[in-house]
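In this text the structure is predicted, and so the values were computed from the model without any measurement. Reckoned from all heavy atoms, side chains included, excluding hydrogens, waters and symmetry mates.
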Amino acid sequence: VNLNVISGISTFGGDVSIADKIIHTGDTNTALRFPAADTVTVETSGSERIRIDSSGNTLIGLTDASQSTQGGILQVKTSACIRRFVASAGSGAIRFEKTRSGSDGHTVVQDGDKLGELQFYGSDGDSYEIAGQISAQVDGTPGNGDMPGRLMFFTSADGTSNNTERLRIDSNGNIGVNCDAPTNITNSRGITLQGASGTPAGFINFMDSADNSDGRIVADDGILTITADFSDNTASSAIAFNVDGTSEKLRITSTGVVEVSGITSTASLTVGPGLIQEEFDSYASALTGTYNHDVVDHGMILYAYSNASASFVLNLRGDGSTTLNSLMNIGQSSVFTAYTGSNNTSYYMTDFQIDGSSQTEEWNGASAPSAGTGSGYDVYTFNILKTADATFKVFATFSNFA
């Protein structure tokens with residue numbers, strides 16, 4: 001039978017077997033082909049457009065599923081865009097469903113008057129919530145084209161269109177968090193964090209778990225505040241600064257102690273403007289015997305306001321287990337001042353020591369004091385220069401304030 005002369009509708013009661021392809025009459029470069037076992041392709045204009053291979057993969061723009069290193073049941077390679085267009089009211093959507101009876105999650109791409117939106121939904125029973133939304137705003141007013149392109153991120157608890165903008169990247173590359181105009185701040189470049197109306201300024205949290213924040217940085221009313229362990233206020237809270245990436249250079253503890261390069265002092269230090277103030281150690285007992293002044297705990301000023309009860313020795317050290325020598329580098333200097341109460345000329349400092357070793361001081365006036373003044377306060381000042389390991393040059397003065 002010559003099938004070329006058959007016209008109209010043909011009906012076959014069984015299988016139709018063809019070697020390679022079905023060709024469109026009058027359009028021979030358009031065909032449905034069977035190029036290999038368990039494989040079907042669609043060609044237009046003589047080129048393959050769609051392939052379903054033996055594994056059930058649908059390939060568009062590809063001829064071999066192995067051309068995509070990531071694989072996938074649907075693989076598309078194209079230089080053009082992929083669109084889903086809905087002519088009637090509503091939004092085009094790509095849906096991902098876990099079960100046949102309901103949409104456990106889906107992605108919606110929609111076009112409003114001025115927004116192209118990518119929304120990510122999750123379901124909770126019969127309701128849907130927007131888990132995330134990306135909106136690319138092309139212009140401010142439909143048709144005027146005067147608004148620069150930008151990328152905005154939204155969240156919504158109930159899936160409504162009344163969303164609140166959370167993150168914006170504008171056309172200049174500035175990033176705003178809760179701030180829709182990150183260039184509002186003069187000369188602002190980079191990231192702007194803005195608090196909601198009536199709340200503190202924007203801040204950065206550093207967290208080690210879902211319910212515990214280890215630190216926070218807040219800028220409000222011109223003050224930059226760095227807080228450590230603000231959620232539980234533990235005694236170990238501290239702010240530390242590491243300069244070279246391997247060792248800590250500065251630490252401020254929860255009690256206000258300042259530690260510099262491993263040197264700890266419970267005495268507070270205030271700087272500026274043009275003024276340096278150090279907290280003094282107030283010693284209530286009468287000086288007698290050897291008084292060990294621990295600079296780690298009490299700084300470099302001793303205020304012994306009770307009258308001395310006998311002659312005394314002043315020993316300057318780090319603390320009971322730390323030497324002053326270990327706290328000072330060669331070539332560094334420091335000043336120690338002792339204010340001592342006096343009502344008896346027989347009572348005065350008879351020896352000055354560093355880490356338990358007596359020093360040979362260079363005294364102002366060429367000689368060391370040999371008696372107290374017997375009234376008011378005797379003041380001893382020691383300028384200490386470390387010239388070598390455990391070796392110090394000490395310049396001392398003695399004066400009285402009645």
Side-chain angles (χ1 to χ4, degrees), residues 3-4 6-112 115-124 128-138 149-155 159 167 169:
L3 295 179
N4 289 326
I6 297 177
S7 62
I9 300 174
S10 298
T11 302
F12 300 90
D15 296 339
V16 176
S17 178
I18 56 177
D20 185 7
K21 59 186 175 180
I22 300 173
I23 300 174
H24 182 210
T25 301
D27 185 14
T28 57
N29 63 359
T30 300
L32 177 64
R33 297 193 59 182
F34 308 93
D38 300 319
T39 302
V40 180
T41 65
V42 177
E43 294 182 359
T44 62
S45 299
S47 298
E48 182 177 314
R49 309 299 187 186
I50 301 174
R51 173 179 291 243
I52 303 175
D53 66 15
S54 58
S55 298
N57 299 309
T58 299
L59 312 177
I60 302 175
L62 297 166
T63 58
D64 186 349
S66 64
Q67 290 179 267
S68 171
T69 58
Q70 301 301 318
I73 195 170
L74 174 62
Q75 301 179 31
V76 180
K77 179 183 179 182
T78 177
S79 59
C81 64
I82 302 172
R83 296 184 178 180
R84 185 182 190 276
F85 177 72
V86 179
S88 59
S91 302
I94 302 173
R95 294 180 178 269
F96 301 91
E97 301 181 4
K98 187 172 69 175
T99 61
R100 295 177 58 189
S101 59
S103 299
D104 294 277
H106 63 268
T107 302
V108 175
V109 181
Q110 66 181 21
D111 183 16
L115 290 177
E117 296 180 350
L118 176 62
Q119 299 177 350
F120 303 92
Y121 284 79
S123 67
D124 181 12
Y128 296 97
E129 294 184 358
I130 298 179
Q133 175 175 310
I134 302 175
S135 298
Q137 183 160 341
V138 179
R150 59 197 178 194
L151 186 63
M152 297 179 291
F153 297 85
F154 296 82
T155 60
L167 173 67
I169 306 173

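Closest of all the heavy-atom pairs between V40 and L32 is CG1-CD1, 3.6 Å. The shortest non-hydrogen separation linking A65 to Q75 is O-OE1, 3.4 Å. T30 approaches S45 most closely through the heavy-atom pair OG1-N, 4.0 Å.
When the shell of 6.0 Å around CG of L74 is examined, it contains more than 12 heavy atoms from other residues, nucleotides or ligands.
Legend: residues meeting side-chain contact (heavy atoms from CB on, under 4.5 Å) with T78, ordered by chain and number and at least two apart, are V76, A80, I82.
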Under 3.5 Å, side-chain donor or acceptor atoms of residues 47-57 against the rest of the protein: list the pairs with distances, not counting sequence neighbours.
unit_1	atom_1	unit_2	atom_2	d
E48	OE1	R51	NH2	2.8
E48	OE2	R51	NE	2.8
R49	NE	T44	O	3.4
R49	NE	T44	OG1	2.6
R49	NH2	T44	O	3.2
R51	NE	T63	O	3.4
D53	OD1	S55	N	3.0
D53	OD1	G56	N	3.2
D53	OD1	N57	N	2.9
D53	OD2	N57	ND2	3.2

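Inter-residue side-chain proximity for I18 and F34 is flagged as met; some heavy-atom pair is nearer than 4.5 Å.
Going from atom CG of L62 over to atom CD1 of I60 covers 9.0 Å, rounded to the nearest 0.5 Å.
Each salt bridge (Lys or Arg N to Asp or Glu O under 4.0 Å) pair with one or both residues in residues 54-77, not counting sequence neighbours, would appear here, but there are none. The list of salt bridge (Lys or Arg N to Asp or Glu O under 4.0 Å) pairs with a residue in residues 28-40, not counting sequence neighbours, reads D20-R33, R33-E43.
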